[in-house]
Amino acid sequence: MVATLTFLGSGTSMGVPTLGCECVVCVSATSAYGNPRNRRTRPSILLAYNDHNVIIDTGPDFHAQAVRERLKQVDAVLYTHGHADHILGMDDLRPLTFHHSEPVPLYADSPTAETIERVFDYTFRNVNRYPTSARVSLRRISDSPGTFIDLFGAKFERVPVQHGTEIITGYRFGQAAYLTDISDIPEQSVPMLMDLDLLILDALRRQPHPTHSNLSNSISLVEKLKPKRAFFTHMSHDLDHDETNAALPAHIRLAHDGLQLTFEIA
Ligand SMILES: [Zn+2]
Ligand SMILES: [Zn+2]
Ligand SMILES: [Zn+2]
């Protein structure tokens, strides 16, 4: 079964342009004479297959991303972790959930689910719940190895990844994997990431960073895992789209907002 993956956003937590910054990439991101591929909203992907739409993360730009992609239906959301740039758009799911026969499932590991419940307390509390809250149900992903979530004929496997001092959730689905916000991949997760057609991973900037992989480290991870193609995401204003792409091997590209790719999901 073929799925279409759309990058709803490919930027780091601050987005590009970074507010207040007038560097070449930030200016290029919004200038009529610049490169619109340098405009990066907060990171998220949409997977469309089997007449269903699954989203990984709903960041603060989710509303604008959904308008841009004319998104009319969301059937499930998978979360990677509880940082603001990955969860704050949850509330914008509201109009897309009201007409569902069942609440839309949100999948998250336990620490992420706890953060979502705390931030959106008015949606999840049993007493005095806000009446027009999103019609969603939060489901905790087991952290036992080999657990799959079955969604509309495709299997999603949780891939534990290192994000600074935390272990967060990456996902493998069919021939693709999405690893945002990683500083490293633990050895026990490596076997889950072999034989990929498509690997999407964090590459924040050129310099090392305590909680994110940088460009040279991400290239090394691609060389280790050997996917057919790799796309970098969660990028800051340090990486000009065309200039960085020109220096990368042909099978590694920078993602950009709105980029669509197809792959076998099941
Ligand atoms: Zn992030
Ligand atoms: Zn800048
Ligand atoms: Zn993060």
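When a ligand or atom number is given, it counts from 1 through the structure's own listing order.
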What is the ring orientation for [X] with [Y], classed by angle as parallel under 30°, tilted 30 to 60°, or perpendicular over 60°?
X: His86; Y: His81; result: tilted
X: Tyr49; Y: Phe156; result: tilted
X: Phe7; Y: Phe231; result: tilted

- request: Check the Zn ion (ligand 2) and write out every protein N, O or S atom at under 2.8 Å, as residue and atom.
  value: Cys21 SG, Cys23 SG, Cys26 SG, His237 ND1

- line: Per side-chain hydrogen bond (donor to acceptor under 3.5 Å, both in side chains), Thr80 is matched among Thr169, Asp109, Asp57, Thr112 by Asp57

- line: Exactly one candidate in Asn38, Asp242, Asp240 meets side-chain hydrogen bond (donor to acceptor under 3.5 Å, both in side chains) with Ser28; the answer is Asn38

query: With the threshold set at 4.0 Å, does a side-chain nitrogen-carboxylate oxygen contact exist between Lys224 and Glu187?
result: yes

message: Less than 3.5 Å apart, any donor N or O on the side chain of Thr41 or Gln65 sitting next to an acceptor on the other?
response: yes

- prompt: Which protein atoms of type N, O or S are found under 2.8 Å from the Zn ion (ligand 3)?
  reply: His81 NE2, His83 ND1, His163 NE2, Asp181 OD2

field: Which residues share a side-chain hydrogen bond (donor to acceptor under 3.5 Å, both in side chains) with Arg94, sequence neighbours left out
entry: Thr132

statement: His100 meets the ring pair (Phe, Tyr, Trp, His ring centres under 6.0 Å) criterion, sequence neighbours left out, with none

